[in-house]
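Read through the structure below, which is laid out as structure tokens, and then see the notes.
Worth knowing before you read on, the calculation uses all heavy atoms, side chains too, and leaves out hydrogens, waters and symmetry mates. Note that the numbering runs from 1 along the sequence shown for the chain. Please read these numbers as outputs of a predicted model, since none were measured by experiment.
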Amino acid sequence: RATLQLLIYPSTDILSQRPSRRTYANGYFLDTESLTWFFEKYLPEEDDWQDWRASPLLAGRFDDLPPAVFITAGCDPLTDDCKAYAAALESAGVPATMHEFAGMVHGFLTLGKFFRQSGEAVELAGKALDLLNGLGHNTFTFAGLLVSHGGRFRDFFGVACYILHGRGHFVHRSEEH
């Protein structure tokens, strides 16, 4: 059973029409055309886009989920979807912590050479995972599950700006940014 949702600017509703989808539709790194391309590659059958496993906001219930930590970008078409998912979790009694980085674009976490906020976001993610380690959970297994999860997190971990070190502590490696 999962013990934490660490969600870094996730897509929580593929067919969303929330305001951030329009506000940040173009000129903010991740645009509408790119979103559609990713959705089509990830799930070629559009009928699957309404499956709760691809669009978790469509799930019938949220009460039996683990706490969530969100890292979001203020100028991201997915921002309002993240907030909606956090609100759905909280209304079901699931703790949700939102860390929104104002002025940042989708993908900023992996762009440490350009955005100092990347390091801050990596630290927050590391602290969330370190907390799991302190509770006796195996952080390495948790990270491994994310790496192998159907592609959504593979790119993030493939170019992440940190390494797991020692007993699961995250160490920021700014020289790799």
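- Expressed to the nearest 0.5 Å, how far OG1 of Thr97 lies from CG of Leu124 amounts to 10.0 Å.
- A distance-only check finds a donor-acceptor pair linking the side chain of Ser20 to the backbone of Asp80 [under 3.5 Å].
- Taking the six-membered ring where tryptophan is involved, the planes of Phe101 and Phe108 are tilted, since the angle between them lies from 30° to 60°.
- Separation of atoms CG (Asp51) and CG (Leu43) is listed at 8.0 Å; rounding is to 0.5 Å.
- For the pair Glu100 and Lys83, the tightest heavy-atom approach, listed with the atom from each and the gap, is OE1-CE, 2.9 Å.
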task = May I have the step-by-step check of side-chain contact (heavy atoms from CB on, under 4.5 Å) for Leu78 and Leu35, ending in yes or no?
result = CA-CA 10 Å; Leu78 302 177; Leu35 271 175; 4.0 Å; yes
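- The minimum heavy-atom distance linking Pro67 with Thr3 is given by the pair CD-O, 3.7 Å.
- What you find for Met98 and Ala86 is that their closest heavy atoms are CE-CB, 3.7 Å.
- If you check the side chains of Tyr85 and Gln5, you find a donor sitting under 3.5 Å from an acceptor.
- Look at Arg53 and Asp48 and you find no salt bridge, because none of the NZ, NE, NH1 or NH2 atoms lies under 4.0 Å from a carboxylate O.
- Using modelled atom types, one finds a donor on one side chain and an acceptor on the other under 3.5 Å when comparing Ser34 with Asp31.
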query = Are Val105 and Leu30 close enough, and set up right, to give a side-chain contact (heavy atoms from CB on, under 4.5 Å), and what steps lead you there?
reply = CA-CA 7 Å; Val105 295; Leu30 178 64; over 6 Å; no
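- Thr36 places a side-chain N or O within 3.5 Å of a backbone atom of Thr32 that can act as its donor or acceptor partner.
- Trp49 places no side-chain N or O within 3.5 Å of a backbone atom of Ala54 that could act as its donor or acceptor partner.
- Hydrophobic cluster membership is shared by Trp37 and Phe39, with clusters built from Ile, Leu, Val, Met, Phe, Trp and Tyr side chains linked at under 4.5 angstrom.
- The shortest side-chain heavy-atom distance between Val69 and Leu4 falls under the 4.5 Å cut-off.
- With a 4.5 Å cut-off on side-chain heavy atoms, Ile8 and Thr72 do not count as touching.
- Interatomic distance, OG of Ser118 versus CE of Met104, reported as 9.5 Å (0.5 Å rounding).
- What you find for Pro95 and Gly93 is that their closest heavy atoms are CD-O, 3.6 Å.
- Under the 4.5 Å side-chain contact rule for hydrophobic residues, Leu58 and Phe62 do not share a cluster.
- Under the 4.5 Å side-chain contact rule for hydrophobic residues, Val94 and Trp52 do not share a cluster.
- Closest of all the heavy-atom pairs between Ala68 and Leu89 is CB-CD1, 3.6 Å.
- Across Ala121 and Leu109, no two heavy atoms sit closer than the pair CB-CD1, 3.2 Å.
- Looking at Ser55, its side chain does come within 3.5 Å of a backbone N or O of Ile14 through a donor-acceptor pair.
- With rounding to the nearest 0.5 Å, the separation of OH in Tyr24 from SG in Cys75 is 4.5 Å.
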request  = Apply salt bridge (charged side-chain N to carboxylate O under 4.0 Å, His left out) to the pair Arg21 and Asp81, showing each step before the final yes or no.
outcome  = CA-CA 9 Å; Arg21 289 284 180 110; Asp81 302 340; 2.8 Å; yes
request  = Test side-chain contact (heavy atoms from CB on, under 4.5 Å) on Leu6 and Leu129 and set out the steps.
outcome  = CA-CA 8 Å; Leu6 175 57; Leu129 295 179; 4.0 Å; yes
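- Aromatic ring centroids of Phe29 and His106 lie 6.0 Å or more apart.
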